[in-house]
There are 2 protein chains.
Amino acid sequence: MTSVEEPARPNGRIRDAARTKAEILDVATREFARAGYDGARVDEIAARTRTTKRMIYYYFGGKEQLFTAVLERAYGVIREAEQGLDVEHLDPVAAIRRLAELTFDHHEAHPDFIRLVSIENIHGAEHIAASEKLGRIGSPALDVIRRILASGRESGLFTADVDAVDLHAMISSFCFFRVANRHTFGALFGRDLVDPAQREHYRSMLGDMVIAYLTADRAPR
Amino acid sequence: MTSVEEPARPNGRIRDAARTKAEILDVATREFARAGYDGARVDEIAARTRTTKRMIYYYFGGKEQLFTAVLERAYGVIREAEQGLDVEHLDPVAAIRRLAELTFDHHEAHPDFIRLVSIENIHGAEHIAASEKLGRIGSPALDVIRRILASGRESGLFTADVDAVDLHAMISSFCFFRVANRHTFGALFGRDLVDPAQREHYRSMLGDMVIAYLTADRAPR
DNA sequence: CCGTTAATGTACGAACCAGTACGTTAGCTA
DNA sequence: TAGCTAACGTACTGGTTCGTACATTAACGG
């Protein structure tokens with residue numbers, strides 16, 4: 001999460017714009033994820049940084065723009081993770097499974113990001129729409145999926161007409177739901193979907209599901 | 001959504017507790033779904049009813065309890081819908097597909113409910129925890145799934161070890177994500193998952209996915 | 001037809017909270 | 001080392017918003 005580290009020089013200098021901005025973003029991410037957009041308190045964010053509320057307005061302009069900046073950085077992190085995706089050397093089945101597992105892992109490792117996405121959806125994605133960085137940003141994983149699907153189709157392993165965006169949605173659904181709805185699901189069904197003991201179970205369940213879908217003969221009605 | 005109808009008697013009487021309560025719940029559902037818990041305004045809810053804010057506190061006690069009451073009713077609606085589930089006469093494959101489709105339809109028909117669930121998760125399901133009606137309520141659909149899975153296993157159609165709660169989570173994931181993340185997904189990928197023209201596409205995609213998972217020979221790694 | 005109570009309306013207060021006016025200082029540059 | 005500006009801090013305000021004190025009336029039971 002690009003967390004703020006102590007500066008290289010022994011004793012921290014008093015003034016460091018980049019560092020102050022990063023610290024505000026760190027704290028704001030947690031606060032927004034904790035309480036939602038309207039539940040988050042600018043004063044609370046300020047109090048948890050080593051600077052003051054004034055700086056939030058100085059650097060970001062306002063609560064709204066701060067939230068947008070938080071979103072931009074969070075999406076940046078997942079983009080970076082997906083950039084480093086290297087599965088092209090695997091056979092299509094193994095490659096898809098690997099991709100699904102990486103998505104699974106990223107969702108689990110970044111619950112704050114999931115919450116931010118939930119919050120942004122409550123507000124109709126208006127901050128993404130207002131952001132220059134985030135419009136139609138897509139996802140690096142999409143290109144990977146496209147290539148794997150193509151090669152899987154060629155070799156006759158996969159059913160012909162599966163769309164890359166749809167498959168991405170399918171994989172994301174499972175990973176997202178498990179983290180996002182952890183609390184209501186747990187309260188209603190008495191089962192913690194993010195229980196570490198069940199991690200491998202759900203991880204392979206996702207892979208099995210996707211592979212089964214891609215390799216099934218689409219006959220049985 | 002148990003919407004409020006005009007009373008039977010020709011001219012509405014001034015005082016009607018049940019009706020006032022129901023109207024408050026209707027409006028509150030929309031307002032909470034629109035803006036989230038903290039974003040929702042009690043004054044706004046009051047303004048949109050034919051009564052006053054005083055009544056909200058009179059009947060529900062406060063904003064927090066009002067939200068809980070809204071959740072309770074929303075969950076009640078889906079329970080009712082699932083009660084009327086009649087798929088036992090179908091063969092296991094058709095029965096599961098039908099169940100998945102009904103879940104799909106209910107999610108699509110009740111976006112406000114989906115939003116309320118998202119909001120409740122942002123707040124750690126604390127209202128469900130505080131509610132007597134909603135603790136470990138489960139879901140009628142679960143029993144149906146259990147029975148279908150058992151008969152599917154017996155007849156050798158389904159792979160042995162699939163858990164009913166897990167399957168319910170799998171089906172819900174897809175349905176939930178499509179509605180809940182409609183806005184961010186649309187903004188980032190330029191595809192509207194709830195586009196009516198794509199409805200049948202995603203509906204059958206869900207069914208195919210679930211059936212493929214249940215009927216796959218769990219060998220190919 | 002009268003009393004009782006559930007139901008309703010009005011007006012207000014107190015706390016909270018996003019945002020800002022104004023003042024100060026660190027640190028670079030010439 | 002003087003001067004300039006980016007970076008920072010303090011204190012406050014104006015509007016908002018949940019909640020309530022107090023007043024009132026409808027409708028039913030006896």
Side-chain angles (χ1 to χ4, degrees), chain A residues 4 6-32 34-71 119 123 126-127 130, chain B residues 4 7-32 34-70 119 123 126-127 130:
Chain A
V4 174
E6 291 306 314
R9 36 194 116 186
N11 210 335
R13 14 128 89 153
I14 313 287
R15 305 203 160 188
D16 187 335
R19 182 224 151 87
T20 300
K21 277 171 86 166
E23 189 177 359
I24 291 173
L25 281 177
D26 279 346
V27 175
T29 298
R30 267 176 269 141
E31 174 69 0
F32 280 121
R34 179 187 69 79
Y37 177 79
D38 289 287
R41 298 288 161 245
V42 176
D43 282 301
E44 184 64 24
I45 295 170
R48 292 190 189 279
T49 58
R50 261 168 291 180
T51 182
T52 65
K53 185 164 58 158
R54 178 71 183 77
M55 287 299 97
I56 293 175
Y57 289 88
Y58 183 67
Y59 284 121
F60 298 96
K63 189 181 183 181
E64 206 100 21
Q65 295 100 306
L66 175 61
F67 183 73
T68 303
V70 164
L71 270 185
I119 292 161
H123 295 89
E126 60 181 17
H127 302 95
Chain B
V4 174
R9 37 193 113 184
N11 210 335
R13 16 129 88 153
I14 312 286
R15 307 205 159 185
D16 186 335
R19 186 228 149 85
T20 301
K21 276 172 87 165
E23 188 177 2
I24 292 173
L25 281 178
D26 278 346
V27 175
T29 298
R30 268 177 269 142
E31 173 69 1
F32 280 122
R34 180 188 69 81
Y37 178 77
D38 289 287
R41 297 288 162 246
V42 177
D43 282 301
E44 184 64 25
I45 295 171
R48 293 188 189 279
T49 58
R50 260 168 292 180
T51 181
T52 64
K53 185 165 58 157
R54 177 71 184 77
M55 287 299 96
I56 293 175
Y57 288 88
Y58 182 69
Y59 283 121
F60 298 96
K63 189 181 182 181
E64 207 98 22
Q65 295 102 303
L66 175 60
F67 183 72
T68 303
V70 164
I119 292 162
H123 295 90
E126 60 182 15
H127 303 94

TODO: Report yes if a donor N or O on one partner sits less than 3.5 Å from an acceptor N or O on the other, where the partners are the side chain of B:Lys53 and the base of D:dG19; otherwise report no.
DONE: yes
- [ ] Check the distance between D:dT17's C1' and B:Phe32's CZ and give it to me in whole angstrom.
- [x] 13 Å
Task: Touch class at under 4.0 angstrom, heavy-atom based, for A:Thr51 against every strand present - done: sugar-phosphate
Task: A:Glu126 side chain reached by A:Glu64 side chain, heavy atoms, under 4.5 Å - done: yes
- [ ] Let me know, please, whether A:Arg54 or A:Tyr57 comes out on the 5' side of the other along DNA chain C by nearest nucleotide.
- [x] A:Tyr57
- [ ] Measure from the side-chain N and O atoms of B:Arg50 to the backbone N and O of B:Ala47, and report whether any donor-acceptor pair falls under 3.5 Å.
- [x] no
Open item on the list: So, OP1 or OP2 of C:dA7: does either fall under 4.0 Å of a side-chain N or O from B:Thr20?
Closed with: no
Task: Rounded interatomic separation in angstrom, taking CD1 from B:Ile24 and C1' from C:dG9 - done: 13 Å
Open item on the list: Using a 4.0 Å cut-off on heavy atoms, which residues in residues 34-46 of chain B reach DNA chain D? List them by number, or say none.
Closed with: B:Ala40, B:Arg41, B:Val42, B:Asp43
Task: Spacing between B:Phe60 atom CZ and D:dG19 atom P, to the nearest angstrom - done: 14 Å
- [ ] Figure out the CD/C1' separation between A:Gln65 and C:dG19, and round it to whole Å.
- [x] 11 Å
- [ ] Answer with base, sugar-phosphate or nothing: what part of the nucleic acid does A:Tyr58 contact at a heavy-atom distance below 4.0 Å?
- [x] base
Task: Closest approach of B:Leu66 to B:Ala28 (non-hydrogen atoms, all atoms of both residues) - done: CD2-CB, 3.9 Å
- [ ] Please name the pair of heavy atoms, one in A:Asp38 and one in A:Lys63, separated by the smallest distance, quoted to 0.1 Å.
- [x] O-NZ, 3.8 Å
Task: Length of the CD1-P vector between B:Ile56 and C:dT8, whole Å - done: 12 Å
Open item on the list: Nearest whole Å is fine: how far is C:dA18 C1' from A:Phe67 CZ?
Closed with: 17 Å
- [ ] Specify the separation, in whole Å, of atom CE of A:Met55 and atom P of D:dG9.
- [x] 6 Å
Open item on the list: Could you tell me how far apart B:Arg50 (CZ) and C:dA7 (C1') are, to the nearest whole angstrom?
Closed with: 16 Å
Task: Check: A:Tyr37 ring centre within less than 6.0 Å of A:His127 ring centre - done: yes
Task: Residue pairs passing the side-chain hydrogen bond (donor to acceptor under 3.5 Å, both in side chains) test where at least one lies in residues 51-62 of chain A, sequence neighbours excluded - done: A:Asp43-A:Lys53
- [ ] Check whether any side-chain N or O of A:Glu31 sits under 3.5 Å from a backbone N or O of A:Glu44 as a donor-acceptor pair, and report yes or no.
- [x] no
